[in-house]
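In the text below, chain A, chain B and the rest are named by the order of the sequence lines, each starting its count at 1. Basis for what follows: all heavy atoms, side chains included, without hydrogens, waters or symmetry-related copies.
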Number of protein chains: 2
Amino acid sequence: MSNLLKIQEVTENMIRIGGYNSFSFREIADKVGIKSSSVHYHFPTKVDLSVAVARRYTDTFMSILEEAKPSSITIEESLNSYINLFEKALKEDCKMCLCGLLAAESLNLPEELKKEVQRFFNLNIKWLGEKFLQHADVQNDPELAEAKAVFLISALEGAMLTSQVNNKNEMFDMTIQQLRALLKF
Amino acid sequence: MSNLLKIQEVTENMIRIGGYNSFSFREIADKVGIKSSSVHYHFPTKVDLSVAVARRYTDTFMSILEEAKPSSITIEESLNSYINLFEKALKEDCKMCLCGLLAAESLNLPEELKKEVQRFFNLNIKWLGEKFLQHADVQNDPELAEAKAVFLISALEGAMLTSQVNNKNEMFDMTIQQLRALLKF
DNA sequence: GTCTATAATTTGATAGAC
DNA sequence: GTCTATCAAATTATAGAC
């Protein structure tokens, strides 16, 4: 695998563990097996590197969502596959959502990076909103669909944060169970 | 106001803006109007300072909850006052919940500080669980009460993060509206 | 309690050789 | 594309005077 890819992968993991202020070029370089000046060759500044990693994260996230999309699929299946993405991030990667963590510290983020994190949320809300529009309970009410979308992504990001700090994946499961019961799917 | 209090107040604000790695003793000192060595006099290490601030945050938070507690109060009123605490933090302080932000970066936190953040969540879940136990829908099922408690605090923390990064308080309102409709209060 | 002074380390970033 | 070498600034923390 190319060093450019390794750099992005290592950086993604470090941001997902401790946020924007928790990694340095030297640490990244050590984990990749190169020198910090080589990291600067690929990404001149810390903002450049972080924005690239956030963009990659969002693009991968959305492309996974779009993949399983033979429109024959039901709304319930769509929501399940959406929830599964978060569940996998928490239980397999054992880390926060990259954009969730960055959103929490967004007041302290370089504007360029904050914009990229907003893109993650906008795309997610748009995707979810379209799914909810098909749901029986929503009945072609775009505002209600958006409200449910905002509610769902918020609950999922919050559930990750809650269960991570308490070291209890069951807390994530509890929230999903409540969500399913309340949203009826 | 004493410098000791000023230090804690300034630190709380800085953590709520950018997390554990976003503040330095010099910055704190500058904002208080003293020198960084004077901050070290009150709090020898960064962990000491952060733990004290987190403890103070949780204690204040819980004492506000306990205050309005003449047991004549209804479950609906209890939940409303709980939600109001988060809403005020977001809309008046214009910042994240201190323990919410620290929870997001908990994998990178000193163990002592992480423990203190866990205390915030445990106390909140306990308080909410007791309220839900009185709710008609729960019917003396402690596990269901706890599940609803975990669900509610997760949704609120997530809603803060989502609406903060998007600069849209309406997103918080949307989530509350959904919560009320779904939890029926 | 607050100050000056300072130590030891880490940080983001650059210049220039290969 | 990666390296060595280096810089200026910032970081946590301590010693000791007042």
| remark: Contacts of B/Asn84 meeting side-chain hydrogen bond (donor to acceptor under 3.5 Å, both in side chains) (sequence neighbours excluded), chain-then-number -> none
| task | Could I get the full list of side-chain hydrogen bond (donor to acceptor under 3.5 Å, both in side chains) partners for A/Asp48, not counting sequence neighbours? | result |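 side-chain hydrogen bond (donor to acceptor under 3.5 Å, both in side chains) check on A/Asp48 returns A/Thr45.
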Test of understanding: with salt bridge (charged side-chain N to carboxylate O under 4.0 Å, His left out), list the residues that count as partners of [X], not counting sequence neighbours.
| X | result |
| --- | --- |
| B/Arg55 | B/Glu116 |
| A/Arg56 | A/Glu12 |
| A/Asp173 | A/Lys91 |
| B/Glu92 | none |

| request: Output the residues of residues 17-26 of chain B in contact with DNA chain C, where contact means a heavy atom of the residue under 4.0 Å from an atom of the strand; sort by number or write none. | output: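 B/Arg26, in order of number.
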| request: Scan residues 145-185 of chain B for pairs that pass ring pair (Phe, Tyr, Trp, His ring centres under 6.0 Å), counting only residues two or more places apart or in two chains. | output: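 Non-adjacent pairs meeting ring pair (Phe, Tyr, Trp, His ring centres under 6.0 Å): zero.
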| task | With a 4.0 Å heavy-atom cut-off, tell me which residues in residues 38-55 of chain A come close to DNA chain D, sorted by residue number. | result |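 Only A/Ser38, A/Tyr41, A/His42 qualify.
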| query | Where along residues 3-16 of chain A does a heavy atom fall under 4.0 Å from DNA chain D? | reply |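 Result for residues 3-16 of chain A: A/Asn3, sorted by number.
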| First and last nucleotide of DNA chain C, 5' to 3', lying under 4.0 Å from heavy atoms of chain B |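 Both ends considered, the range comes out as C/dG1 to C/dT6.
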| said: For A/His40, give me all partners under ring pair (Phe, Tyr, Trp, His ring centres under 6.0 Å), at least two apart in sequence or on another chain. | reply: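 A/His40 satisfies ring pair (Phe, Tyr, Trp, His ring centres under 6.0 Å) with A/Phe25 only.
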